[in-house]
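Naming: A, B, ... by sequence-line order, numbering from 1 per chain.
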Amino acid sequence: MSRINIIGAGLAGLSAAIHLAKADIPCSLFSLQISERSQSVLAEGGINGALDTMGEGDVVENHFNDTMKGGVFMADPNAVENLTHGAPEILRWLESIGVPFNMENGNIILRNFGGQKKKRTAYAKSSTGKIIMSAVIDEARKYEAKGLIKRYPHHEFIRLILDGDKCTGARIRDCYTGKMYDYSGAVILCSGGMNGIFPGKTTGTTQNSGDVTATVFSQGVILGNPEMIQYHPTTIGISGKRCLVTEAARGEGGRLYIERNGQKWYFMEEKYPELKNLMPRDVVAREMFFVRRQPDCGDRVYLDMTGLDESVWSRKLSDLREELIKYLNSDPKTVPIHVEEGIHYFMGGIDTDEYHRTNIKDLYAAGECTCQYHGANRLGGNSMLGALFGGKKSAETVISCQYDLSGDEYIPVSEYEPLAEIALPVLIEKISGILLSGLGIVRNKAMLENALGNLSSLRKEREYNHREINRFALAEAMLRGALERRESRGAHYREDYPEKDESYRKTTVARINNGSADISFRTLAERRSHESNS
Amino acid sequence: MKVILEILRRESREKAPYVQKIIYETDDENETVATALNHINNRGDYKDTDNNPVTHIHWECSCMQEKCGACAMIINSKPRLACGSKLKDMGETVKIQPLKKFPAVADLTVDRSIMLENIKTAGLWFEESTKADETVGDISYEASRCLQCGCCLEVCPNFYTGGEFFGMSAAVPLTRIISAVTEKQKKDVYKAYKKHIYEGCGKSLACHDICPANIDIEKLLVNSNGAAVWKRHIGKKKK
Ligand SMILES: Cc1cc2nc3c(=O)[nH]c(=O)nc-3n(C[C@H](O)[C@H](O)[C@H](O)COP(=O)(O)OP(=O)(O)OC[C@H]3O[C@@H](n4cnc5c(N)ncnc54)[C@H](O)[C@@H]3O)c2cc1C
Ligand code: SF4
Ligand code: SF4
Ligand code: FES
């Protein structure tokens, strides 16, 4: 009997699997490593939902508005409506599977997070992702014991199996034996963000290589907003990667400053008196970039947490403090820390509709690999939510399709598969360098054209294998998307077009055409009225 | 900084292991065994001390910040996380070997599936809705932190793959279940805990000292033993 094939076992993949299993639909969960090693375990600060346990009169509509505004009105409003309405239920579900959120009198405590006017972020100290994952993994295990979920760790997605415009399965390689199999059935991609195209330069894991997105793009899957890359304002450099300092540090009272004429200048507080240090991430990161360019300012921005109460450190941020002491050899309780912007999240990715369908029939996608919910900038705490909710939503769509699962589960592959060859790390580094030269916090036409020129020269340098060619195409889509979007919005800031332009309030659509990336723009859906949105 | 990496190589489970020595130089004093392995693999043109090419070294990594357990291996005779092992603390010669209690795959990669098999056998999940409120929150939080790295099993005198005793990588997450288990499931969970943990554990706590996540294993054990064996209340007293 065949099964639904889920690629990726982070929050999105697990959520999809659990919700399919609850409906008695068997699925296979493929991932490079076990769920315990997925990027979802790194999430720190928390997860959003308008539970209103803090007596601030928060309502779902506020969450909707903050998410739309944070994403600069570039997300699908109906999808965001579903997400924000579904959020309280997701949090209650997590509570019911035993997630030890920080609680008081049996109620979940909510904290402040960037871009949100009310306390709406549930957390477990500053290891929220790990703690949620442990509970969700155990929940999936219950269905694994019943045979409904089959886990395939150390299994790599190689490519989709397509029949015309329909997806009929996935080619998978067992990394421990090297053997390859074709698994039949509908596919849900939950393969995470594209960190691997910027090796060592992001806060994420090495596991999310970007290969899945690059491959399916080259196979005809449409990408949305590939130029939208989130730089997190507060990261520190550690050996081999950027290490995140959670937004909760600012949510709990941390302040950003730079030295100006020998004085500490708390620039965010002066420039944005309402949300101050908790402006959306795109704004904070850009301000940091600009103040550093000012001639009267120093070249380092600091995060000052010296004013935080002892109880905040012990009850809410103890793990963050331990981590910072380990990496910096100094205590953030007494010494402000030097922070820099670092690549943290990909708002763009596989294009899906609000039901998590892609442009290919029987192919779905959820989680960070998709372009869904976050528009031009993701709010902190909305991404674990998006992964859990998106996984659930994609499962619901699959359930409604009533797939016939009577075929064979898999057949072994004996033919040569060119995509089994990996992309050379030296090349990945080179492409990463080119992308970084064009896709920084501040962009302009010359930078982007220059980067595209360099990319195309590199492309002509030698013969490349299939994965390498796919990476070129993905890189081109990101650069072209940024070049064509002649405006500034969210994470995409063009100094040659510094204003928002209503005519670009559209989804950037990237499509493969003869090996190269075509860019067009698609008008966003209107928000349906409340009543018709059940 | 210049170190000699002495890596136990093995092409596959079927092939015999051998030691390969690589001279590794770096200016970055924060480099870890993990970043060195990545560096060698990424550059691709390293030679060993006998001037043989260094082929791709198989190992697993993911988070590179001690939060996922992927990179557990034996470094200078102790199981540790490669990404948490700074070269400057490891001496002039760094001996790097795969974990020994698990079947070999290739080089430093081993197959740790037995850990997940065991917790499945132990019934590590909640049958019914529950809630880990603040009375048990601290215990549940601590028990949720296990990385499934396997370092504790490596040093445990009583654990072996295929045995009835499942070790700390099962006991720690089971404590999460025990801390908030509902009446209906209690008997089964306690029984599994007694059979697969309590009865086999010598309580030497070698696991406590080695755990790279610094999990307070001793405290979790006291709570789980108390609840499952002595029927004591877990966590803070309810008001
Ligand atoms: C340091 C950090 C802190 C964060 N903090 C927060 C926070 O506080 N709040 C919040 O909401 N969000 C946060 N995020 C973001 C959030 O954690 C992620 O966006 C979210 O967890 C993504 O979940 P996912 O399931 O989509 O992907 P992931 O958890 O990344 O899982 C991807 C899965 O795909 C698999 N995969 C990848 N490639 C392949 C392949 N070729 N073949 C087979 N499998 C493959 C992987 O093995 C993995 O199982 C944070 C992220 C980071 C990095
Ligand atoms: S206390 Fe000793 S016997 Fe028990 S799990 Fe730890 S190392 Fe093994
Ligand atoms: S208890 Fe500690 S040593 Fe054992 S698997 Fe968990 S994290 Fe690793
Ligand atoms: S790579 Fe995650 S613990 Fe070392």
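With a threshold of 4.5 angstrom between heavy atoms, A:Gln39 does not approach chain B through any atom at all. Residue contact with chain A, scored on non-hydrogen atoms closer than 4.5 Å, involves the side chain of B:Ile177 exclusively. Heavy atoms closer than 4.5 Å to chain B are found in the side chain of A:Gln33, but not in its backbone. Of the two parts of B:Thr109, only the side chain, counted from C-beta on, holds a non-hydrogen atom closer than 4.5 Å to a non-hydrogen atom of chain A. The parts of B:Ala70 that come within reach of chain A are both its backbone and its side chain, each placing non-hydrogen atoms under 4.5 angstrom from that chain. Within the 4.5 angstrom heavy-atom criterion, only side-chain atoms of A:Ile34, from C-beta onward, approach chain B. Only the side chain of B:Thr35 comes within contact range of chain A, with heavy atoms under 4.5 Å apart. Neither the backbone nor the side chain of B:Val181 comes within less than 4.5 Å of any heavy atom in chain A. Looking at A:Ile238, the atoms closer than 4.5 Å to chain B (heavy atoms on both sides) all sit in the side chain, from C-beta outward. For A:Ala135, the parts lying near chain B are the backbone and the side chain together; criterion is any non-hydrogen pair under 4.5 Å. Heavy atoms of A:Asn329 lying under 4.5 Å from chain B are absent altogether. For B:Cys146, the part lying near chain A is the backbone, with the side chain staying farther off; criterion is any non-hydrogen pair under 4.5 Å. Using a 4.5 Å cut-off between heavy atoms, A:Lys241 touches chain B through its side chain atoms alone. Interface residue B:Arg176: only side-chain heavy atoms are found under 4.5 Å from chain A. Within the 4.5 angstrom heavy-atom criterion, no atom of B:Asn214 approaches chain A. Of the two parts of B:Asp28, only the side chain, counted from C-beta on, holds a non-hydrogen atom closer than 4.5 Å to a non-hydrogen atom of chain A. Of the atoms belonging to A:Thr203, it is backbone heavy atoms, and not side-chain ones, that fall under 4.5 Å from chain B.
In terms of heavy-atom pairs under 4.5 angstrom with chain A, the leader among B:Gly84, B:Gly123, B:Gly69, B:Pro173 is B:Gly69. Among B:Ala180, B:Cys149, B:Ala132, B:Ser62, the residue making the largest number of heavy-atom pairs under 4.5 Å with chain A is B:Ser62. The candidate from B:Cys68, B:Gly44, B:Ser12 with the greatest count of non-hydrogen atom pairs under 4.5 Å with chain A is B:Cys68. Comparing A:Thr177, A:Asp138, A:Val41, A:Asn102 by how many heavy-atom pairs each has under 4.5 Å with chain B, the most go to A:Asp138. When the candidates A:Pro100, A:Pro425, A:Pro199 are compared by the number of heavy-atom contacts under 4.5 Å with chain B, A:Pro100 comes out ahead. Ranking B:Lys86, B:Lys67, B:Gln65 against chain A, the residue ahead of the rest is B:Gln65, based on heavy-atom pairs under 4.5 Å.
In this pair, A:His154 and A:Tyr176 present their aromatic rings parallel. The plane angle is below 30°, not in the 30 to 60° band.
A salt bridge links A:Glu156 with A:Arg467: at least one charged nitrogen is closer than 4.0 Å to a carboxylate oxygen. Salt bridge present: B:Lys131 and A:Glu95 bring a charged side-chain N and a carboxylate O closer than 4.0 Å. The pair A:Lys326-A:Glu323 does not count as a salt bridge, with every side-chain nitrogen at least 4.0 angstrom from each carboxylate oxygen. A salt bridge between B:Glu117 and B:Lys120 is present, with a side-chain N of the basic residue lying under 4.0 Å from a carboxylate O of the acidic one. Ion pairing of B:Asp188 with B:Lys191 is absent here, as no side-chain N (NZ or NE/NH1/NH2) approaches a carboxylate O to less than 4.0 Å. With respect to the salt-bridge test (charged N to carboxylate O, under 4.0 angstrom), the residues B:Lys219 and B:Glu142 do not qualify. Salt bridge absent: B:Arg112 and A:Glu36 never bring a charged side-chain N and a carboxylate O closer than 4.0 Å. Under the 4.0 Å criterion applied to side-chain N and carboxylate O atoms, B:Lys184 and B:Glu127 are not assigned as salt-bridge partners. Ion pairing between A:Arg92 and A:Glu89 fails under the 4.0 Å rule for side-chain N and carboxylate O. Ion pairing between B:Arg10 and B:Asp107 fails under the 4.0 Å rule for side-chain N and carboxylate O.
Residue B:Glu31 holds its CD atom at 11.5 Å from CD of B:Glu25, rounded to the nearest 0.5 Å. With values rounded to the nearest 0.5 angstrom, B:Arg43 atom CZ is found 13.0 Å from A:Glu429 atom CD.
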Step-by-step side chain to side chain donor-acceptor pair (under 3.5 Å) determination, A:Asn107 to A:Thr53: CA-CA 7 Å; A:Asn107 279 324; A:Thr53 54; over 6 Å; no
